[in-house]
Amino acid sequence: MAAAAARSALLKYLRVTVASPAPLWPVVPLSFSQLLLRRRGFSDEARGTFLDKSEVADRIITVVKNFQKVTPNAHFHKDLGLDSLDTVEIVMALEEEFGFEIPDNEADKIDSVNVAVDFIASHPQAK
């Protein structure tokens, strides 16, 4: 009994309050249209084009040319022989070129120049 009382007193003395950690990103409520756009895959036709597709295509080809000889229809693996690590590096270079982060689930879908053009041209944060 004395051991239990000593243990209880010791635990009360050692107890530390811990605050919940702050979220890693700000929690922002989304509108219904924003939720619909997030659910829609980027391969669908975009409602609007935020950047000119020909400019986006030129810039993407410039980025990808650092890896191989490319055409507007080039598939990263089939035509250029790039592996998954190369594709990740291309996506990172595209993020740097266009000034926004591409979510992992969307980055996994980018496997050719045409798909990259469609996604980036229809993305509202692309610069």
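- Residues Val56 and Phe98 come closest through the heavy atom pair O-CZ, 4.0 Å.
- In this structure, Phe100 and Phe119 have tilted ring planes: the angle between them lies in the 30° to 60° band.
- Residues Ile60 and Leu94 form a side-chain contact, since some pair of their non-hydrogen atoms from C-beta on lies under 4.5 Å apart.
- Across all non-hydrogen atoms, the minimal contact from Val63 to Ile90 is CG1-O, 4.5 Å.
- Considering every non-hydrogen atom in both Ile110 and Ala116, the closest pair reads CG2-CB, 3.8 Å.
- In this structure, the side chain to side chain contact (heavy atoms under 4.5 Å, CB included) partners of Asn73, at least two apart in sequence or on a different chain, are Thr71, Asn114.
- Between Asp58 and Thr62, the shortest heavy-atom distance links the atoms O-OG1, 2.8 Å.
- Side-chain atoms of Asp86 come within 3.5 Å of backbone atoms of Asp83 as a donor-acceptor pair (strictly under, hydrogens ignored).
- Considering every non-hydrogen atom in both Ala107 and Ile102, the closest pair reads N-CG2, 3.7 Å.
- Rounded to the nearest 0.5 angstrom, Glu101 CD and His123 NE2 are separated by 10.0 Å.
- Note that NZ of Lys53 and CD1 of Ile120 are 12.0 Å apart. Values are rounded to the nearest 0.5 Å.
- Atom CZ of Arg59 is separated from atom NZ of Lys127 by 11.0 Å, given to the nearest 0.5 angstrom.
- Members clustered with Val88: Met92, by chain and number, using a 4.5 Å side-chain heavy-atom cutoff among hydrophobic residues.
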